[in-house]
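Order of appearance sets the numbers: ligands from 1, and atoms from 1 within every ligand. Predicted model, so just to flag it, every value in this text is computed and none were measured.
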Amino acid sequence: MKLLIINASPRKNGNISKRLELMKDEAERAGVSVFVEYSQSFKIRPCIGCMKCRSAKNCVLPEDDAQRMLDLIQECDAVIIGSPTYWGNMPGTLKLLFDRIVYGLMDENSLAIPVPLHKGKKALIVCTSSTPWPFNILMGQTRGVVRAIKEVLGTAGFKVSSIQRGGTKKHPEITKKDIRLCQKAVRRLIGR
Ligand SMILES: Cc1cc2nc3c(=O)[nH]c(=O)nc-3n(C[C@H](O)[C@H](O)[C@H](O)COP(=O)(O)O)c2cc1C
């Protein structure tokens with residue numbers, strides 16, 4: 001089994017990175033091959049909105065990290081996306097990727113209704129915010145991030161679950177409960 005982890009936080013020792021590290025270790029202990037990518041270091045040109053990829057099944061822009069990442073997503077059985085909350089949404093570095101690889105995530109039928117290309121795969125979203133619980137949920141902070149990423153991965157056919165943790169400004173520490181949650185979510189994701 002192959003697992004792709006995309007870290008959308010630029011902080012190498014931040015809230016998301018620590019959780020993703022735990023998850024990587026847990027998956028590797030179970031014999032899974034894990035690939036880790038950082039959206040902060042992607043070299044990806046923004047989508048120009050020409051819509052040509054919808055029929056050509058390729059992007060008109062010169063090849064960059066968007067195609068490399070799409071190849072990885074296609075090769076992997078499961079994906080973990082770790083994302084901090086930026087303005088109640090995902091960081092721009094991650095959105096840039098998703099905008100450029102629409103054609104590899106979904107097809108369209110004759111009525112322009114999306115047809116998923118990754119049915120049968122699973123995804124896990126890990127999200128943190130400085131807004132504390134329950135306002136990270138009630139005020140659409142981590143919930144906004146999960147909704148936005150789910151829009152992409154759900155449309156692509158992934159079965160999506162999530163971990164949302166608010167209050168990282170006051171409580172940046174990883175508790176025993178956090179560790180248990182992360183490890184359990186990964187085991188469920190990889191079916192062990
Ligand atoms: C540019 C930027 C925008 C942010 N926007 C929000 C926000 O809208 N809501 C929120 O609760 N926290 C916001 N935060 C705080 C982060 O989501 C929070 O500190 C998160 O836990 C950081 O995770 P990290 O340490 O993995 O980077 C923002 C942080 C930055 C740098």
Can you tell me the protein heavy atom closest to [atom] and the distance?
| atom | value |
| --- | --- |
| atom 25 (O) of ligand 1 | Arg11 NH1, 2.4 Å |
| atom 20 (C) of ligand 1 | Thr128 OG1, 3.4 Å |
| atom 24 (P) of ligand 1 | Ser9 OG, 3.5 Å |
| atom 19 (O) of ligand 1 | Thr168 OG1, 3.6 Å |
| atom 17 (O) of ligand 1 | Thr85 O, 2.6 Å |
| atom 5 (N) of ligand 1 | Trp87 N, 3.0 Å |
| atom 22 (C) of ligand 1 | Pro84 CB, 3.7 Å |
| atom 15 (C) of ligand 1 | Ser130 OG, 3.6 Å |

I'd like to know if [X] and [Y] make a salt bridge, using a cut-off of under 4.0 Å between side-chain N and carboxylate O.
| X | Y | answer |
| --- | --- | --- |
| Asp65 | Arg68 | yes |
| Lys121 | Asp77 | no |
| Asp99 | Lys95 | yes |
| Asp64 | Arg100 | yes |

* To do: Say whether Ile16, considering both its backbone and side-chain N or O atoms, lies within less than 3.5 Å of an N or O atom on ligand 1.
  => yes
Purely on distance, is any nitrogen or oxygen of Ser17 under 3.5 Å from one on ligand 1?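 Between Ser17 and ligand 1 (N or O atoms, distance only) the closest approach is not under 3.5 Å.
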Hey, what do you get for [atom1] ([X]) to [atom2] ([Y]), rounding to the nearest 0.5 Å?
| X | Y | atom1 | atom2 | value |
| --- | --- | --- | --- | --- |
| Ile6 | Ile125 | CD1 | CD1 | 11.0 Å |
| Ile190 | Lys2 | CD1 | NZ | 15.5 Å |
| Leu181 | Gln183 | CG | CD | 10.0 Å |

**Study point:** Heavy atoms from other residues, nucleotides or ligands near NZ of Lys18 exceed 12 (cutoff 6.0 Å)
**Key:** yes
With atoms numbered from 1 as shown, which atoms in ligand 1 lie under 4.0 angstrom from a non-hydrogen atom of [X]?
| X | answer |
| --- | --- |
| Gly14 | 25 (O), 26 (O) |
| Gly88 | 7 (C), 8 (O) |
| Gln141 | 7 (C), 8 (O), 9 (N), 10 (C), 11 (O) |

- request: Establish, yes or no, whether the cationic atom of Lys52 lies under 6.0 Å from the six-membered ring centre of Tyr103 and within 45° of the ring axis.
  value: no
